[in-house]
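All remarks here apply to the structure that follows.
The structure presented is a predicted model; accordingly, all values stated were derived computationally and were not measured. Lettering follows sequence order; numbering is per chain, from 1.
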There are 2 protein chains.
Amino acid sequence: MGDDGDRPASGRLRADKRAAIVAGALEVFASDGYVRASIGAIAEASGVSTRTIYKHFADKSALFDAVVAASAGRVAEAEVELVERHLDGVAGAAEIGPALVGFAVAWLRGSAESAAHRALIGQVRAEAAHLGSDVVAAWWAAGPVRVQRALADRLAQWSAAGWLRIDDADRAAVHLGRLVSATPGPPGAAPPDRDAWIVAGVDVFVRGYRA
Amino acid sequence: MGDDGDRPASGRLRADKRAAIVAGALEVFASDGYVRASIGAIAEASGVSTRTIYKHFADKSALFDAVVAASAGRVAEAEVELVERHLDGVAGAAEIGPALVGFAVAWLRGSAESAAHRALIGQVRAEAAHLGSDVVAAWWAAGPVRVQRALADRLAQWSAAGWLRIDDADRAAVHLGRLVSATPGPPGAAPPDRDAWIVAGVDVFVRGYRA
DNA sequence: TAGCATGTAAAGTGCTCGTTGTACTTTACC
DNA sequence: GGTAAAGTACAACGAGCACTTTACATGCTA
């Protein structure tokens, strides 16, 4: 993967330049959106010339696809690791709540990288109709689906142990994600008491799926 | 409200033209996004000339603000009415679940109008950083906040009656909204079993807030 | 019926952008 | 060190856009 929109590449292009372009394009696409982001701005942010961008990618759309795929894959990997770290040591029903809170807090703590990724995903959603449905599908498969599956695995495990009563683990994983990411006010403006909202969301989840 | 970006209007402009422009602009903005939407396309969709648009609105940004405000207000009014119709007759704890399911099904059934509105909101979110935070705040105040308050009122009522155990009705309203609007797969593609997801979401909500 | 503000039509202005061609310089590898 | 590919700077092209200008049509009001 990642070669989708690349140039034929008869010769060998420098990988560091390609990485710099993808990194710079992520910043610009995330903050400006697909249409507003200009190739010139991306070139400046990447420290390369515009011409070099077209040596690596067929056009703007192909570059965007590569950026989305790379960002989704990297973030999903980090998130799956978060799931393992916080949820694999649970040894009883009483530990579920605190473990979920710890996971959700870490999950929603916005590092600069994941903040850019979140903004990029917002752009993907808004532009979904204009960029081909395969981009959205590829993003979903490379990113959210993996985290959702990792979450669902642990939930199914806890259900099998009799600690929760879950008939559809995938659905429960979605419910958990939506509850802990709930905020008052418009999206994008994180409230000061976000941790309290996370605790409340986990509380409703645990009560809702209690055995 | 709604006069924010209007032209000085020394004379009296025809209101029907203005309404046609706002209606046409809603369609174009919703499907194409703010940047892609061209004044020419909006003029064509509205059945007016581009010059007339500039007689009614100072510029593209003012037109967008007017469209967002109008759409948010109209949709919020319809949604508050839905809350009243489905949730005001509840006379016991056992009726809560079915009433909420009925409300959520009606709420999420996408009429053409609310579909355009939903797409428009997606554009607002993605473009929030580029259009001034007051637009987002105005949308939030004119739309979602009113529905959220209407929901929270009923929930608080049921809690006071001892049918639910809710300490923060506003937060519970947000939780309800996020649970019933949960779907598998990427957003935008409604699954065929959406009603089952609604029922499951209401179920988790009622269990989570059971007295 | 005269007058005037509003709407329409079409062309024009100035700008930005995606993309490509070209000539030159740098880098990597034998 | 030589060679071929990769990168850079720069200009150009063509398209599309927001917005304006100008000239003309239309309908209401006095």
Side-chain angles (χ1 to χ4, degrees), chain A residues 2-3 5-29 31-67 123 127 130-132 135, chain B residues 3 5-29 31-68 123 127 130-132 135:
Chain A
D3 296 323
D6 284 353
R7 268 280 138 91
S10 60
R12 43 217 166 270
L13 300 171
R14 285 176 50 183
D16 58 338
K17 293 290 176 184
R18 189 186 192 277
I21 293 169
V22 172
L26 168 61
E27 297 297 328
V28 180
F29 278 137
S31 67
D32 287 357
Y34 179 79
V35 186
R36 285 183 144 97
S38 74
I39 299 292
I42 294 173
E44 196 174 1
S46 311
V48 303
S49 72
T50 65
R51 203 66 186 74
T52 302
I53 293 180
Y54 283 98
K55 288 225 177 93
H56 281 264
F57 300 93
D59 54 15
K60 192 182 179 183
S61 166
L63 172 58
F64 188 76
D65 293 0
V67 168
Q123 303 296 341
E127 296 278 334
H130 299 277
L131 293 164
V135 187
Chain B
D3 296 324
D6 281 353
R7 267 281 141 90
S10 61
R12 45 222 165 270
L13 301 172
R14 286 176 52 182
D16 58 338
K17 293 291 175 182
R18 188 184 192 277
I21 293 170
V22 171
L26 168 61
E27 297 297 327
V28 180
F29 278 137
S31 68
D32 286 357
Y34 179 78
V35 186
R36 285 182 141 98
S38 74
I39 299 293
I42 293 174
E44 194 174 3
S46 310
V48 304
S49 71
T50 65
R51 198 64 190 82
T52 301
I53 293 179
Y54 284 101
K55 288 225 179 92
H56 283 263
F57 300 94
D59 54 15
K60 192 182 179 183
S61 166
L63 172 58
F64 187 77
D65 293 0
V67 169
V68 171
Q123 303 295 340
E127 296 278 332
H130 300 278
L131 292 165
V135 187

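Across the protein-nucleic acid pair, B/Glu44 atom CD and C/dA9 atom P stand 11 Å apart, rounded to whole Å. Rounded to a whole Å, the CZ atom of A/Arg14 is 13 Å from the P atom of C/dT26. Between B/Phe64 atom CZ and D/dC17 atom P the separation is 17 Å, expressed in whole Å. For B/Ile53 and C/dA9, the CD1 to P distance is 12 Å, given to the nearest whole Å. Rounded to an integer number of Å, the gap from NZ of A/Lys55 to P of C/dT19 is 16 Å. Rounded to an integer number of Å, the gap from A/Phe57 CZ to C/dT20 C1' is 18 Å.
Applying the 4.0 Å criterion to OP1 and OP2 of D/dT8, one finds that A/Thr52 has a side-chain N or O inside that range. The phosphate of D/dG7 has neither OP1 nor OP2 within less than 4.0 Å of any side-chain N or O from A/Lys17. For C/dG18, the OP1/OP2 oxygens have a side-chain nitrogen or oxygen of A/Lys60 closer than 4.0 Å. Applying the 4.0 Å criterion to OP1 and OP2 of C/dG7, one finds that B/His56 has a side-chain N or O inside that range.
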Q: List the steps, then state whether side-chain contact (heavy atoms from CB on, under 4.5 Å) holds for A/Phe64 with A/Glu127.
A: CA-CA 11 Å; A/Phe64 188 76; A/Glu127 296 278 334; 5.8 Å; no
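In this structure, A/Ala41 reaches neither bases nor backbone, as no heavy-atom distance under 4.0 Å exists between it and the strands shown.
If you check D/dA9, D/dG7, C/dT8 against the side chain of A/Arg51, the one that comes closest is D/dA9. You'll find that the side chain of A/Tyr54 is closest to C/dT20, out of C/dT20, D/dT8, D/dC19. In the set C/dT19, D/dT8, D/dA18, D/dA18 carries the atom at the smallest distance from any side-chain atom of B/Ile39.
The structure places NE2 of B/His56 at 8.5 Å from NZ of B/Lys17, a figure rounded to the nearest 0.5 Å. Atom CD1 in B/Ile42 sits 4.0 Å away from atom CZ in B/Phe29 (nearest 0.5 Å).
When each of A/Arg36 and A/Thr50 is assigned the nucleotide of DNA chain C with its nearest heavy atom, A/Arg36 is the one assigned upstream, toward the 5' end.
Contact between A/Val28 and A/Ala45 at its shortest, heavy atoms only, is CG2-CB, 3.8 Å.
Looking only at distances, a side-chain donor or acceptor of B/Tyr34 sits under 3.5 Å from a matching main-chain atom of B/Ser61.
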